[in-house]
Amino acid sequence: MNPTSYFSEIAPVTFKGPDTTDELAYRFYDKDRVVMGKRMEDYLRFAVCFWHSFCWNGFDVFGAGTFNRPWHAGANDADAARFKRAVAFDFFNKLDLPFYAFHDVDVMAATETVGEYQHHFAEAVDDLERLQGETGRKLLWGTANLFSHPRYAAGGATNPNPEVVAFGALQVRSALEATHRLGGSNYVLWGGREGYETLLNTDIGRELDQLGRFLSLVVEHKHKIGFKGTILIEPKPHEPTKHQYDFDTATVFGFLKRYGLENEVKVNIEANHATLARHTFEHEIATARALGIFGSIDANRGDNQNGWDTDQFPNSVEEMTLAMLEVIRAGGFTDGGFNFDAKVRRQSSDPVDMVHGHVGAVDVIARALLAAAAIVEDGRIDQVRADRYAGWDGEFGKAVSAENSSLASIADLAVAKEIRPAHKSGRQERLENLVNRFVGDAR
Ligand code: XLS
Ligand code: CA
Ligand code: CA
């Protein structure tokens with residue numbers, strides 16, 4: 001089979017406007033339309049991920065693969081990997097999205113030894129460079145998979161066995177150098193198995209030190225090779241391990257501070273990981289902004305009734321608008337973007353299902369950008385927020401916040417002024433209604 005025939009039934013996806021009846025066209029994502037001072041394509045920086053769409057064959061813990069992708073028919077050898085890379089770039093072209101993302105093992109033949117790893121990864125990177133050149137698609141981020149191979153059952157950087165840590169170092173060095181060579185904007189570390197199953201066999205202090213040292217070495221190597229992109233940690237509270245050290249954005253910030261890396265590393269926030277940590281997606285973005293470590297986004301959604309990582313395509317404009325407001329408040333992306341870390345359901349086994357998944361999600365995010373931009377331009381919500389803190393601009397607020405004030409001086413001021421703080425409405429319902437109004441009107 002010719003790789004380009006896998007999606008041959010599907011016409012290139014283009015913008016046809018909100019009123020089109022074409023289900024495989026963009027209704028809101030008009031890549032050249034300027035929103036918040038930038039072309040939509042440059043504001044949103046969409047990426048398609050390799051792993052869910054091209055590496056997963058539809059298996060789950062109760063059953064085998066359902067997708068029958070031709071490149072999964074035999075062993076994952078060099079030919080199958082080349083086929084898969086070609087199909088993937090054809091798909092990026094069909095969707096006309098600017099970026100993609102990959103793990104080392106997503107794009108290469110399966111290997112066991114360090115020698116095979118080096119050989120097959122080098123071959124894959126040469127081919128990716130050629131495909132990027134031919135298609136103009138760019139790399140949003142690269143990463144190394146230190147969680148799928150059985151050697152990583154007890155972690156990568158935090159493994160009790162130094163030989164496993166060294167294998168991980170080989171993969172991370174290779175993937176970081178490949179990301180640099182391919183012009184990637186970021187390098188991601190997601191520590192899926194950097195955590196534990198039971199404290200009975202785990203020394204947390206030691207493992208955190210291993211993780212901190214490993215990350216310091218990654219940062220050192222980034223500077224050594226001159227990689228100008230951003231190093232990102234991707235928080236997730238658990239799954240596959242019972243507890244993951246990079247639990248959420250706030251935990252990651254504490255970790256970065258402890259190892260002196262808070263000015264070197266930012267976060268890649270995934271919607272479904274935020275909800276697994278019992279936060280909202282927008283909470284994680286707002287926290288990252290407040291701490292100065294907002295980097296990039298993995299766009300997807302979980303399931304409100306299930307407590308696991310379902311990685312579904314985002315489909316709520318209302319929820320996405322709340323997240324987008326925080327992205328705008330953070331000043332938008334610099335190196336980051338929206339990577340679709342999302343997969344079709346196991347019963348959605350046709351090539352066209354992959355297109356439906358991405359087209360719908362692109363439009364949800366594009367429409368959310370229009371709604372959030374309208375909210376910001378309207379200004380009423382931000383005004384309510386600013387008014388809540390207006391007391392700090394008055395004489396009393398300035399005295400409380402003055403640099404030379406102390407706990408005692410503030411307390412004395414309260415007594416001297418005989419203060420009687422008045423209650424003031426937070427206007428939540430009005431604000432929620434305003435959001436819905438802009439969501440409904442966005443086009
Ligand atoms: C898994 C993570 C993973 C990272 C990259 O839950 O989302 O796919 O994004 O390793
Ligand atoms: Ca992710
Ligand atoms: Ca996920």
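Computed from a predicted structure; not experimentally measured. We count ligands from 1, going down the list as the structure has it; atoms in each ligand are counted the same way.
Proximity of the aromatic rings of W71 and Y6 is defined here by a centroid distance below 6.0 angstrom, and this criterion is met. Two rings, from F340 and F46, have their centers less than 6.0 Å apart.
Using modelled atom types, one finds a donor on one side chain and an acceptor on the other under 3.5 Å when comparing D209 with Y259. Under 3.5 Å, the side chains of Q312 and N300 contain no donor-acceptor pair of N or O atoms.
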**Study point:** Trace of the side chain to side chain donor-acceptor pair (under 3.5 Å) decision for E194 with T158
**Key:** CA-CA 6 Å; E194 315 295 6; T158 60; 2.5 Å; yes
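When heavy-atom distances to ligand 1 are checked against 4.0 Å, the residues falling inside are W51, H103, W141, F147, W190, E234, K236, E270, H273, D298, D309, D341, ordered by chain and number.
The number of heavy atoms from other shown groups lying within 6.0 Å of CZ (R213) does not exceed 12.
Taking the six-membered ring where tryptophan is involved, the planes of F102 and Y100 are essentially parallel, since the angle between them stays under 30° and well short of 60°.
Within the 3.5 Å criterion, the main-chain N or O of T310 finds a donor-acceptor partner in the side chain of N272. Not one N or O on the side chain of T287 forms a donor-acceptor pair closer than 3.5 Å with the backbone of E284.
Within the protein, the number of N/O/S atoms found under 3.0 Å from the Ca ion (ligand 2) is 4.
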